[in-house]
Number of protein chains: 2
Amino acid sequence: MAPDHRGLTPRKQPRQARAEATRQRILTAAAHVFAEYGYAAGTTNRIAARARVSIGSLYQYYPNKDAILAELLIRHLDAGAAAVGERLDGQLPDSLEETIRLFVRTSIDNHLDDPQLLRVMAEQGPRTPELLDKVARHHRARVASVQALFERHPQVRVADTHVAARLAVATIELLAHQLLAAPDPVDVTRFENELVAMLTGYLTTER
Amino acid sequence: MAPDHRGLTPRKQPRQARAEATRQRILTAAAHVFAEYGYAAGTTNRIAARARVSIGSLYQYYPNKDAILAELLIRHLDAGAAAVGERLDGQLPDSLEETIRLFVRTSIDNHLDDPQLLRVMAEQGPRTPELLDKVARHHRARVASVQALFERHPQVRVADTHVAARLAVATIELLAHQLLAAPDPVDVTRFENELVAMLTGYLTTER
DNA sequence: GTCTATACTTAGATAGAC
DNA sequence: GTCTATCTAAGTATAGAC
């Protein structure tokens, strides 16, 4: 016997839930394919195949190939921002060195997840104005929060905290990106220690 | 009257010279086109048009599109290596700081030439094994020479000169690349000063 | 040696059946 | 809603005239 519903319930309700799952499958497949083949050779056909969805269905969920990579990038940025925010919410360590280490480690973690995909997104992704703008805003936000931290911290001795923040953020992100995605990756712990030492020394040295 | 030649001289001799000039024109055009459009959209048709050569002629000089970018990259690497070698030939400054400055400045100069083209070459160029190998060899050579310099220099205090050299080389090249090619480029002089200070501090601090 | 015209390939995107 | 089959566009590379 049918349960006593209001009468208009669709026989199978997975209207939204199933569609969402399909979207997610496509996205996950795209992440793998882009990471493996790069953007140009990461064709929509390959993505559809990997997601076990026909090419026609894929285009029902995303208007074009760029939109897929764009969504991956946006999710990555949001996740990164969330991770940073989270770690800044709690009490920061007293020593500058440990604070720097927190930043460095967060960045490394963020990159260790899928270095190849990150590389593709950073280097070959579509450079639409909106995307560039979104990336730039995220970047500026990070620089601003690091700068604010430098200004509050009594150990920091640099003349221009803005330039220092830009240098620090760029150094951390670029090195994490490069050295971890390299074919000849460095030892992560050692890399972390050296990088922390370099930045801490720079920030605390009277000149 | 015709000069007293051996009789088989071609009427116009520019056999090699003219061909070399055409090759160079194609290369120069390619540099502009790649820098402006990127690799994928930098089509051979555009390159040929810009060089004022037909597409057919272009393919008489280069077997395919990859070969054009490859030659540009090789020339860039060789020029960079030559520039570094040149500056290391003369007497190095006594102070470590000035030596570091020499490296930093060389790298910056190398990048200021055509940041956009460099970006395309680094990020979108064909990743054939030979090219990757060539790039890797150049890179290792630079790391090795920097490491040797660190070992000779009395002011350097780091525990592991190899790791330090890798970190230093990567930092210099990546930051030059990123900060100069950015839409929001930093002031070059200030950037140079801060970077030199950071590296010098790192290398000379006892830990 | 240089050109024009074009063949070939590939991938993005769509139409229409089921 | 999902599929298969197909169209269109673009770009590399070649053939063959001059």
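Scope of the values below: all heavy atoms of this structure, side chains included, with no hydrogens, waters or symmetry mates.
When heavy atoms are screened at a 4.0 angstrom cut-off, N64(B) is found touching the sugar-phosphate backbone but no base atom. Using a 4.0 Å heavy-atom distance criterion, S54(B) is classed as a base contact.
Closest to the side chain of Q60(A), from the set dC3(D), dG1(D), dG12(C), is dG1(D). Of all nucleotides listed (dA13(D), dT2(C), dT2(D)), dT2(C) comes nearest to the side chain of S57(B). For K65(A), the listed nucleotide lying nearest its side chain is dA13(C); candidates were dC3(D), dT12(D), dA13(C). If you check dA13(D), dG12(C), dA5(D) against the side chain of I55(A), the one that comes closest is dA5(D).
Distances shorter than 4.0 Å separate some side-chain N or O of Y61(A) from OP1 or OP2 on dT2(D). In this model, the phosphate group of dT10(C) is not approached by any side-chain N or O of R46(A) to a distance below 4.0 Å at OP1 or OP2. Using a 4.0 Å cut-off, no side-chain N or O of R52(B) falls inside it from OP1 or OP2 of dT2(C). Contact between the side-chain N/O atoms of Y59(A) and the OP1/OP2 oxygens of dT14(C) is not found at any separation under 4.0 Å.
For the atom pair L58(A) CG and R25(A) CZ, the distance stands at 11.0 Å (nearest 0.5 Å).
Looking at L73(A) and V135(A), their side chains come closer than 4.5 Å, going by heavy atoms from C-beta outward.
At whole-Å resolution of the value, CZ in R23(B) and P in dT2(C) are 13 Å apart. Between the CG atom of N45(B) and the C1' atom of dT4(C) there is a distance of 12 Å, given to the nearest Å. Rounded to an integer number of Å, the gap from CD1 of I68(A) to P of dA11(C) is 15 Å. Between L58(B) atom CG and dT12(D) atom P there is a gap of 10 Å when expressed in whole angstrom units.
Separation of the Y202(B) and Y202(A) ring centroids does not fall under the 6.0 Å cut-off.
Salt bridge status for R119(A) with E36(A): absent, with no side-chain N to carboxylate O gap under 4.0 Å. Salt bridge R137(B)/D133(B): present, at least one basic N to carboxylate O contact under 4.0 Å.
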